[in-house]
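What follows is a set of notes on a single structure, which appears directly below.
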Amino acid sequence: MLRVRPCTETDLPAVRDLLVRTWHDTYDAIYGVEKVTEITGRWHSLPNLRAQLKAPLSLFLVAERDGRLVGTSKAAGQADGSILLQRLYVDPAEQRSGVGEALLAETVAAFPWAHNIDLEVEPQNSRAVNFYSKHGFAALGETSDCGQDSGIAACTMRKALDGRPAEPLLLRPVRDGDAQDLIGLITLCFAQYPGCFFDPHGDMPDIMRPAASKLAQQGQFLVAEDAGGRVCACIGVDFPEAGVAEIHRLYVRPDQQGGGLGQLLTGRMEAFARERGAARMMMWSDTRFTKAHALYERLGYERGVSRSLGDISHSREFFFGKDL
């Protein structure tokens with residue numbers, strides 16, 4: 001079974017091995033073994049790969065099949081609202097088996113505001129050119145140097161997407177290092193409503209180590225990261241009973257509200273829930289969060305009973321439910 005997921009630091013030696021192996025298979029006949037060895041030694045060194053994991057608005061993925069790494073990709077959101085696909089390589093033995101398609105699809109899904117996706121490809125790499133052409137990319141022109149003083153010419157290609165130009169954001173799984181950003185985000189959201197106070201240790205202890213939380217481990221917990229590397233929105237979903245999915249932790253920073261981000265995050269979780277076999281979606285929301293309620297009802301959620309939480313904010317919540 002094929003699985004696409006974010007790259008971690010422990011994956012980097014295997015990623016480097018895959019890149020070196022794939023580069024020699026692809027480019028030895030074009031550039032010669034010596035030049036390929038020199039390029040991969042610089043471009044795909046462990047320090048370079050490690051730095052790429054931490055770049056803002058950057059998505060570094062791996063694909064694995066039966067526990068073996070079979071592909072990797074790297075992309076970054078651009079200031080003009082586009083995606084730059086910086087790398088997509090598949091193990092030679094796994095090419096034409098759906099790995100490249102899966103990496104490309106996950107990349108596009110992570111940048112929902114992008115209006116196009118751009119890349120550079122060696123014109124003599126016919127397998128790659130054919131792959132991108134098959135998936136809707138068209139040639140734009142050529143560049144004399146495709147990066148890092150390689151001296152290698154490349155063909156530039158572009159695919160138009162259905163997104164809209166806007167401030168670039170990246171949707172990705174939560175990390176434990178996001179804890180402080182999440183605390184700040186939720187505090188700002190609560191501050192919009194008089195009498196709402198956020199006590200992370202008492203109300204939401206899972207926020208302190210979000211990637212290790214039950215929500216992230218047994219369901220899905222996503223954040224939206226802006227160009228400054230800050231978390232500006234989050235959402236999670238789990239499955240309290242068979243056929244039922246529950247939304248948690250849907251918060252959007254006040255300066256990002258009203259632009260469709262909450263709707264996008266909710267839709268993303270509904271799609272994830274359907275994939276997991278859920279037929280019903282539910283959530284609970286503080287009775288004071290009136291702007292959020294307007295969004296839920298617009299998306300087809302019906303308001304139901306209320307319950308009291310007995311927390312420091314004296315919160316009472318409405319139930320919302322929707323058939324998928």
Could you list the donor-acceptor pairs under 3.5 angstrom formed between side-chain atoms of residues 233-244 and any protein atom two or more places apart in sequence or on another chain?
residue	atom	partner	partner atom	Å
D238	OD1	H248	NE2	3.0
D238	OD2	H248	NE2	3.2

Are M208 and F190 in one and the same hydrophobic cluster, where Ile, Leu, Val, Met, Phe, Trp and Tyr link if side-chain heavy atoms are under 4.5 Å apart? yes
Decide whether R87 and S73 meet the rule of one side-chain donor and one side-chain acceptor closer than 3.5 Å. no
Looking only at heavy atoms, what is the nearest atom pair of E9 and P13, with distance? O-CD, 4.0 Å
Evaluation steps, side chain to side chain contact (heavy atoms under 4.5 Å, CB included), between L324 and R280: CA-CA 5 Å; L324 294 177; R280 179 81 174 161; 6.0 Å; no
Is there a donor-acceptor pair closer than 3.5 Å between any side-chain N or O of K322 and the backbone N or O of L299? yes
Looking at residues at least two apart in the chain, or sitting in another chain, which of them share a ring pair (Phe, Tyr, Trp, His ring centres under 6.0 Å) with H135? F131
Among R172, R253, R230, find the residue that satisfies the salt bridge (charged side-chain N to carboxylate O under 4.0 Å, His left out) test when tested with E225. R172
With side chains defined as the heavy atoms from C-beta onward, is the minimum distance between N116 and K159 less than 4.5 Å? no
If you measure only the distance, is there a donor-acceptor pair under 3.5 Å linking the side chains of T26 and N125? no
Could you walk me through whether C7 and L61 pass the side chain to side chain contact (heavy atoms under 4.5 Å, CB included) check? CA-CA 5 Å; C7 181; L61 297 173; over 6 Å; no
Would F319 and Y301 count as a close aromatic pair, with their ring centres under 6.0 Å? no
Sorted by chain and number, sequence neighbours left out, ring pair (Phe, Tyr, Trp, His ring centres under 6.0 Å) with F318 holds for H293
The test is side chain to side chain contact (heavy atoms under 4.5 Å, CB included); show your working for I83 and D118 and say whether it passes. CA-CA 6 Å; I83 309 167; D118 297 332; over 6 Å; no
Backbone N or O of V252 within a donor-acceptor pair of the Q257 side chain at under 3.5 Å? yes
F272 and L222, any side-chain heavy atoms less than 4.5 Å apart: no
Ring centres of F289 and Y193 under 6.0 Å apart? yes
Indicate yes or no: does D206 engage R249 in a salt bridge with an N to O separation below 4.0 Å. yes
Are side-chain N/O atoms of S97 and R65 paired as donor and acceptor at under 3.5 Å? yes
With distance as the sole test, does S82 use its side chain to make a donor-acceptor pair with the main-chain N or O of I117 at under 3.5 Å? no
Can you see whether N130 engages S133 through a side-chain donor-acceptor pair at a distance of less than 3.5 angstrom? no
What heavy-atom pair brings F60 and L49 nearest, and what distance separates the two atoms? CE1-O, 3.7 Å
For a quick test of reading the model, state the closest non-hydrogen atom pair linking F221 to L182 and the distance between them. CZ-CD1, 4.4 Å
Side-chain donor/acceptor of D286 to backbone N/O of S315, under 3.5 Å: no
Decide side chain to side chain contact (heavy atoms under 4.5 Å, CB included) for L309 and R316; before the verdict, give the C-alpha distance in whole Å, the side-chain angles of both, and the deciding distance to 0.1 Å. CA-CA 6 Å; L309 295 186; R316 191 165 189 85; over 6 Å; no
Pairing donors with acceptors under 3.5 angstrom, does anything connect the side chains of Q220 and R268? no
Verify the ring-centre separation between Y132 and F137: is it less than 6.0 angstrom? yes
Can any side-chain N or O of R307 pair as donor or acceptor with the backbone N or O of E317 at less than 3.5 Å? no
Keeping the roles fixed (side chain from D66, backbone from M1), state whether a donor-acceptor pair exists under 3.5 Å. yes
Atom CD of residue position E302 - does it have more than 12 heavy atoms of other residues, nucleotides or ligands inside 6.0 Å? no
With side chains defined as the heavy atoms from C-beta onward, is the minimum distance between L2 and V70 less than 4.5 Å? yes
Contact between S213 and Q218 at the side-chain level, heavy atoms closer than 4.5 Å - yes or no? no
Got a donor-acceptor contact below 3.5 angstrom from the D178 side chain to the R175 backbone? yes
Count the heavy atoms of every other residue, nucleotide or ligand shown that sit under 6.0 Å from CZ of R303, and state whether that count exceeds 12. yes
Could you check if a side-chain atom of L119 sits within less than 4.5 angstrom of a side-chain atom of T156, using non-hydrogen atoms only? no
Donor-acceptor check, side chain of R127 to backbone of Q95, threshold 3.5 angstrom: yes or no? no
Of all the heavy-atom pairs spanning V62 and P6, show the shortest one and how long it is. CG2-O, 4.3 Å
Using only atom types and a distance under 3.5 Å, with no angle test, would you say the side chain of Q78 pairs donor to acceptor with the backbone of A76? yes
Answer yes when R42 and E38 have at least one side-chain N-carboxylate O distance shorter than 4.0 Å, and no when they do not. yes
Considering the options V99, L85, V4, which one meets the side-chain contact (heavy atoms from CB on, under 4.5 Å) requirement together with L104? L85
Would you kindly confirm whether L18 and I39 end up in one hydrophobic cluster when ILVMFWY residues are joined by side chain heavy atoms under 4.5 Å apart? yes
Could you tell me whether a side-chain N or O of D11 sits under 3.5 Å from a main-chain N or O of T8, the two making a donor and an acceptor? yes
